[in-house]
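Everything below concerns the one structure shown next.
Computed from a predicted model, the values in this text were never measured in an experiment.
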Amino acid sequence: MVLGFLPVLAFSTGCGNGLARLEGQVSLDGEPLRAVDDIRGTVMFQPVGEGAIATAKVDESGRYTVNTGSKHGIMPGDYRVMVKAVRIIPPKDQYSMPSSSMITPAKFAKPDQSNLTVSVEPGSNEYDIAITAK
């Protein structure tokens with residue numbers, strides 16, 4: 001009975017999807033960039049070579065965990081990092097759409113200007129991002 005279960009267990013655990021875990025803390029001017037009330041933050045990871053862009057939303061404590069599409073994780077490799085945070089501005093009336101204003105410098109939203117990079121290794125990775133608006 002036990003021996004018949006082992007092949008199923010080995011098959012079901014498999015080798016995984018090859019994605020690594022990447023998470024960290026985002027800070028702006030020395031304080032956690034918290035996504036609370038009207039603040040929204042996003043971190044994006046653009047592969048240096050070919051591959052899919054991975055993204056993460058910044059949470060209420062300033063932390064993020066990366067996903068690639070609908071999958072949790074990111075392929076190991078080298079990435080350019082982009083960070084963008086905005087303040088949501090409510091609509092002026094019921095017929096208008098909300099708008100937003102950037103609270104992070106625009107250069108951090110561009111992969112060729114942010115000067116932020118990370119090398120993701122297989123397994124679990126921690127990458128804290130500290131940016132300044134001044």
Solution key, residues 103-118 side-chain donor-acceptor pairs under 3.5 Å, sequence neighbours excluded:
unit_1, atom_1, unit_2, atom_2, d
T104, OG1, A85, N, 3.0
S114, OG, V81, O, 2.6
S114, OG, L116, N, 3.2

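- Put simply, OG1 on T65 and CD1 on I74 are 12.0 Å apart, with the number rounded to the nearest 0.5 Å.
- What you find for N17 and H72 is that their closest heavy atoms are ND2-O, 4.3 Å.
- Here the side chain of N67 pairs no donor or acceptor atom with the backbone of S70 at under 3.5 angstrom.
- Hydrophobic clustering (ILVMFWY, side-chain heavy atoms < 4.5 Å, transitive): L33 and V86 are in distinct clusters.
- The minimum heavy-atom distance linking G30 with S27 is given by the pair C-CB, 4.4 Å.
- The cluster map of Ile, Leu, Val, Met, Phe, Trp and Tyr, joined by side-chain heavy atoms under 4.5 Å apart, puts M82 and V66 in different clusters.
- Formation of a donor-acceptor pair under 3.5 Å by the D38 side chain with backbone atoms of R87 is not found in this model.
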Enumerate, atom names and distances included, each donor-acceptor pair closer than 3.5 Å involving a side-chain atom of residues 50-60, sequence neighbours excluded.
unit_1, atom_1, unit_2, atom_2, d
D59, OD1, S61, N, 2.9
D59, OD1, S61, OG, 2.8
D59, OD1, G62, N, 3.1
D59, OD1, R63, N, 2.9

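- Counting all heavy atoms, side chain and backbone alike, Q25 lies closest to P32 at NE2-CB, 3.2 Å.
- Hydrophobic clustering (side-chain heavy atoms under 4.5 Å, transitive across Ile, Leu, Val, Met, Phe, Trp, Tyr) keeps I131 apart from M44.
- Minimum heavy-atom separation, P91 to S96: CB-O, 3.3 Å.
- Classified by interplanar angle (parallel below 30°, tilted 30° to 60°, perpendicular above 60°), the ring pair Y79/F45 is perpendicular.
- Shown here for I129 and Y127, the closest heavy-atom pair between the two residues is CG1-CE2, 3.3 Å.
- Between the N125 side chain and the V120 main chain, no donor and acceptor come within less than 3.5 Å of each other.
- Shown here for A35 and G41, the closest heavy-atom pair between the two residues is CB-N, 4.4 Å.
- Side chains of R40 and I88 form a contact here, defined as non-hydrogen atoms less than 4.5 Å apart.
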